[in-house]
Amino acid sequence: MITNHNKQLINELLALPDAPVILKEINAILEEERTRRNTFYNNISEFEKAEFINGEIIIHSPVKKEHNDVTGSLYQLLNTYVKKKKLGYVGYEKIMISLSRNDYEPDICFFQNEKAQTFKKGQSLFPAPDLVIEVLSTKTAGNDRGIKFSDYQAHQIREYWIIDPDKEILEQYRLNDQNEYELILKARKGMLDCVPVNGFKIEIEAVFDEDKNLEELLRILNL
């Protein structure tokens, strides 16, 4: 669904007298980009964490310990709950989601059963998830808050979480009635309620604190 912002951009373009010329140039650029994207698919190694963003190949550096700790702790809670309740599929680190123009490897993502049940062995490209979680680092923060935020919103990914492992803050965004992300919470403590993962509620501290994480894990196992 086209957002109000995109409708405005389209109307501004169509108001230009040379709109057909501009559109032709855009199509030529996008066609060249599609060729580079196919090359990216053929050349990328499963040992690399890489993304294709607006025609550019982005190779990610190794993560810091705090990034890995947060990602692992949250994945453990989410994946355990999803498997226990049989709600779908949780991707971690190198699951590549292929959107209309770009390809991303989110830190964590979740697909409800409707999508997950179509997945096959050997599959390497996946559709837009229902939940995406990105853990910030110095080099990725710009994209996580910029192009990815806009792209996830445009593809109606229902929730997007951005986690700062240094400040130990979690931001939760959810699509509103206008199909635009609305900030639901930004906090270090308190209860987190995830709509796409039915019934998944955790203490935010469990994402950052090892003891709290274990407590939440045991609670989930006993549900």
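For this chain, numbers begin at 1 and follow the sequence in order. As the structure is a computational prediction, the values presented were derived from the model and not from experiment.
- The number of heavy atoms from other shown groups lying within 6.0 Å of CD (E114) does not exceed 12.
- In this structure the side chain of R101 reaches within 4.5 angstrom of the side chain of N54, judged on heavy atoms.
- Within 6.0 Å of NZ on K84 lie more than 12 heavy atoms contributed by other residues, nucleotides or ligands.
- Side-chain atoms of N38 and Y41, non-hydrogen and from C-beta on, do get closer than 4.5 Å to each other.
- Closest approach of E182 to N176, counting heavy atoms only: OE1-CB, 3.5 Å.
- Rounding to the nearest 0.5 angstrom, the gap separating the CG atom in L217 from the OG1 atom in T80 is 5.0 Å.
- Checked against ring pair (Phe, Tyr, Trp, His ring centres under 6.0 Å), Y152 has the following partners two or more places apart in sequence or in another chain: Y104, Y160.
- A salt bridge links R36 to E32: at least one charged side-chain nitrogen sits closer than 4.0 Å to a carboxylate oxygen.
- Between Y89 and F110, the distance separating the two ring centers is not shorter than 6.0 angstrom.
- Hydrophobic clustering (side-chain heavy atoms under 4.5 Å, transitive across Ile, Leu, Val, Met, Phe, Trp, Tyr) groups I133 together with V197.
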Audit row: R188, D209, salt bridge (Lys or Arg N to Asp or Glu O under 4.0 Å) steps and yes/no
CA-CA 11 Å; R188 293 185 177 89; D209 183 272; over 6 Å; no
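- Under a hydrophobic-cluster definition in which Ile, Leu, Val, Met, Phe, Trp and Tyr are linked whenever side-chain heavy atoms come within less than 4.5 Å, directly or via other members, V132 and L175 are assigned to the same cluster.
- The heavy-atom pair separating I97 from P127 by the smallest distance is CG2-O, 3.7 Å.
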Worked verdict on L131 versus R158 for side chain to side chain contact (heavy atoms under 4.5 Å, CB included)
CA-CA 6 Å; L131 164 69; R158 194 168 181 186; over 6 Å; no
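- Listed by first and then second residue, the salt bridge (Lys or Arg N to Asp or Glu O under 4.0 Å) pairs that reach into residues 129-142 are K115-D130, E134-K148, sequence neighbours excluded.
- Contact check for K83 versus N79: side-chain heavy atoms found under the 4.5 Å cut-off.
- Annotation: side chain of L9 is in contact with side chain of E12 (closest heavy-atom distance under 4.5 Å).
- For K189, the NZ atom counts as loosely surrounded, since its 6.0 Å shell holds 12 or fewer non-hydrogen atoms of other residues, nucleotides or ligands.
- The main-chain N or O of L125 is found under 3.5 Å from a side-chain atom of Q123 such that the two form a donor-acceptor pair.
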Report the C-alpha distance between R145 and E171 in whole Å, list the side-chain angles of each, state the deciding distance to 0.1 Å, and finish with yes or no for salt bridge (Lys or Arg N to Asp or Glu O under 4.0 Å).
CA-CA 11 Å; R145 295 191 179 280; E171 299 170 32; 2.6 Å; yes
Under the criterion side-chain hydrogen bond (donor to acceptor under 3.5 Å, both in side chains), I'd like the reasoning laid out for Q172 against E159: C-alpha separation, chi angles, the key distance, then a yes or no.
CA-CA 7 Å; Q172 180 187 29; E159 283 195 17; 2.9 Å; yes
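- Atom CG in L99 sits 11.0 Å away from atom CE in M96 (nearest 0.5 Å).
- Side-chain contact between E66 and F208: absent, with no pair of heavy atoms (C-beta onward) separated by less than 4.5 Å.
- Distance check: E105 CD to E48 CD gives 9.5 Å after rounding to the nearest 0.5 Å.
- Looking at F111 and V90, their side chains never come closer than 4.5 Å, going by heavy atoms from C-beta outward.
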For E203 and K212, what are the C-alpha separation, side-chain angles and deciding distance, and is it a salt bridge (Lys or Arg N to Asp or Glu O under 4.0 Å)?
CA-CA 8 Å; E203 291 284 347; K212 292 280 188 181; over 6 Å; no
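- Across every non-hydrogen atom of K94 and K49, the tightest pair is CE-N, 4.2 Å.
- In this structure, A206 and E216 approach most closely via the heavy-atom pair CB-CG, 3.4 Å.
- In plain terms, the two heavy atoms of Q156 and N179 that are nearest each other are OE1-OD1, 3.6 Å.
- For the atom pair CG of D164 and NE2 of H67, the computed distance is 10.5 Å after rounding to the nearest 0.5 Å.
- The shortest distance between side-chain heavy atoms of I204 and M191 does not fall below 4.5 Å.
- Cluster annotation: V21 is not connected to L30 through the hydrophobic network of ILVMFWY side chains, with a link wherever side-chain heavy atoms come within less than 4.5 Å.
- For E210, the CD atom counts as loosely surrounded, since its 6.0 Å shell holds 12 or fewer non-hydrogen atoms of other residues, nucleotides or ligands.
- No hydrogens or angles considered: a donor-acceptor pair under 3.5 Å links the side chains of Q76 and N213.
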Derivation of the side chain to side chain contact (heavy atoms under 4.5 Å, CB included) call for I163 and L136:
CA-CA 6 Å; I163 302 176; L136 297 177; over 6 Å; no
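- Hydrophobic clustering (side-chain heavy atoms under 4.5 Å, transitive across Ile, Leu, Val, Met, Phe, Trp, Tyr) keeps F149 apart from I184.
- A donor atom on one side chain and an acceptor atom on the other are found under 3.5 Å apart for D103 and S98.
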Let me see the working for C109 and Y92 under side chain to side chain contact (heavy atoms under 4.5 Å, CB included), right down to the final yes or no.
CA-CA 7 Å; C109 57; Y92 177 58; over 6 Å; no
Passes side chain to side chain contact (heavy atoms under 4.5 Å, CB included), D107 versus V70? Steps please.
CA-CA 10 Å; D107 292 305; V70 165; over 6 Å; no
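- We find the CG-CH2 distance between L74 and W161 to be 6.0 Å, quoted to the nearest 0.5 Å.
- In this structure, S100 OG and D151 CG are separated by 6.0 Å, a value rounded to the nearest 0.5 Å.
- In this structure, Y173 is not a member of the same hydrophobic cluster as I108, with clusters built from ILVMFWY side-chain heavy atoms closer than 4.5 Å.
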As a quick check of understanding, evaluate side-chain hydrogen bond (donor to acceptor under 3.5 Å, both in side chains) for T140 and D144, giving each step before the final call.
CA-CA 6 Å; T140 67; D144 292 339; 3.1 Å; yes
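- Nearest heavy atom pair, residue I22 against residue L16, reads CD1-CD1, 3.7 Å.
- Taking 4.5 Å as the limit, every side-chain heavy atom of S73 sits out of range of all side-chain heavy atoms of V207.
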